[in-house]
2 protein chains.
Amino acid sequence: MSSNIKPTDSELEILNILWEKGPSTVRDIHAELEKSKDAGYTTTLKLMQIMHDKGLLKRDTGNKSHVYTANVSQEKTQGQLLKRMIDNVYNGSASQLVMQALGNHKADKKELDEIRKYLDEISKPKS
Amino acid sequence: MSSNIKPTDSELEILNILWEKGPSTVRDIHAELEKSKDAGYTTTLKLMQIMHDKGLLKRDTGNKSHVYTANVSQEKTQGQLLKRMIDNVYNGSASQLVMQALGNHKADKKELDEIRKYLDEISKPKS
DNA sequence: ATCTATCTACGAATGATTTCGTAAACAAAC
DNA sequence: GTTTGTTTACGAAATCATTCGTAGATAGAT
């Protein structure tokens, strides 16, 4: 596999911002990060440079301020982390994870209905 | 919070074995671990000593071979890790995690029915 | 052209995890 | 009691993530 994604927690914070906001400079990301934690600017810069080295980000160096973009999709990353979680924490049982997620986080009625609908859909033999 | 559990991957492997097998010596754990990876005996020992220092394990030093037991429950640990995952990876949306888990890991019919039953149960106003 | 702001690059310190070698304690067998 | 094998304890190396200081490049304003 060329793609075995395992971002750290800090890297995930940055990816989340990039997924939501789209292409951003270090300054942009740092401004967002500062809302919830405090870190030095060069810390954020270094993190993003490392992520670029790892292939998690790509960047456009055309301007003075480089513009970074996520180089991994949100869905694929979520999927990989989820699979790791199911394997390592739930011993391979996705349904057990699902039930614990439903139980602990009291989704509201609308969400539950949505899930039910989704269940029906994937149960249908024909699309 | 006295309990903010964040075991590393290696620590989780050991916890999984202890949860399944119950109280075990370092030798026991190491024998299990060797089935899937190779690590030195003293590596396993050191890991378990650190886990004991952290409060993840408790131990009985009565005999020559100390007997270790998990000092955190499987459910609580799963719950904490799951919550962290929902917050950090799914931006707080449990239902989105659920749907991706259902979609990617094609649970079989029996599992799906089980989940549906569970859904109905937690939807009921009265227990 | 010079000054000022900002940005990148680099290197190093810190801290945590993982690994393992070595020594000392211990028990069982001889 | 001495040897042999197993166990614990300790310390240190190797790796990785995180943090930040400093230097040099760059663009814009005066």
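Whole-Å rounding puts the A/Leu12 CG to D/dT18 C1' distance at 16 Å. Between A/Asp53 atom CG and D/dA17 atom P there is a gap of 12 Å when expressed in whole angstrom units. D/dT8 atom C1' lies 14 Å from atom CD1 of B/Ile50, rounded to whole Å. One interatomic measurement links the two molecules: CG of A/Leu45 to C1' of C/dT6, which rounds to 12 Å at whole-angstrom precision. In this structure, A/Met48 atom CE and C/dC7 atom P are separated by 12 Å, rounded to whole Å. Remark: P of D/dT6 and NE2 of B/His66 are 17 Å apart, rounded to the nearest angstrom. Atom-to-atom, CD of B/Glu13 to P of C/dT17 comes out at 15 Å; the value is rounded to the nearest Å. B/Glu34 places its CD atom 11 Å from the P atom of C/dC20, with the value rounded to the nearest Å.
The two residues A/Glu75 and B/Gln100 come nearest to each other via the heavy atoms O-NE2, 3.1 Å. Considering every non-hydrogen atom in both B/Ala70 and B/Leu18, the closest pair reads N-CD1, 4.1 Å. Closest of all the heavy-atom pairs between B/Leu82 and A/Met85 is N-CE, 3.3 Å. Closest approach of B/Arg84 and B/Ile5 over heavy atoms only: NH2-O, 2.6 Å. In this structure, B/His30 and B/Ala39 approach most closely via the heavy-atom pair NE2-O, 2.8 Å.
Nucleotide D/dT26 has no partner under the Watson-Crick or G-U criteria, as no pair reaches both atom distances under 3.5 Å. C/dT22: Watson-Crick or G-U partner is D/dA9, with both key distances under 3.5 Å.
At C/dT8, one or more side-chain N or O atoms of A/Tyr41 fall inside 4.0 Å of OP1 or OP2 (strictly under the cut-off). Note on A/Thr43: a side-chain N or O is less than 4.0 Å away from OP1 or OP2 of D/dC20. Neither OP1 nor OP2 of D/dT8 sits under 4.0 Å from any side-chain N or O of B/Gln49. Phosphate contact (OP1/OP2 of D/dT8, side-chain N/O of B/Ser65, threshold under 4.0 Å): absent. In this model, the phosphate group of C/dT6 is not approached by any side-chain N or O of A/Arg27 to a distance below 4.0 Å at OP1 or OP2. OP1 or OP2 of D/dA17 sits under 4.0 Å from a side-chain N or O of A/Lys54. For A/Ser10, no side-chain nitrogen or oxygen approaches OP1 or OP2 of D/dA17 to under 4.0 Å. Within the 4.0 Å cut-off from OP1 or OP2 of C/dA9, at least one side-chain nitrogen or oxygen of A/Arg59 is found.
Glycosidic conformation of C/dA23 is anti; the angle lies outside 90° of 0.
Here the side chains of A/Asn71 and A/Leu56 are not in contact, with every heavy-atom distance at 4.5 Å or above.
Checking C/dA27, C/dA5, C/dT8 against the side-chain heavy atoms of B/Lys64 singles out C/dA27 as nearest. Distances were taken from every side-chain heavy atom of A/Thr42 (C-beta onward) to each of D/dG5, D/dT22, D/dA9; the shortest belongs to D/dT22. Checked against C/dT18, C/dT19, D/dA9, the side chain of B/Lys46 finds its nearest nucleotide in C/dT19.
No contact: A/Glu11 has no heavy atom under 4.0 Å from any strand.
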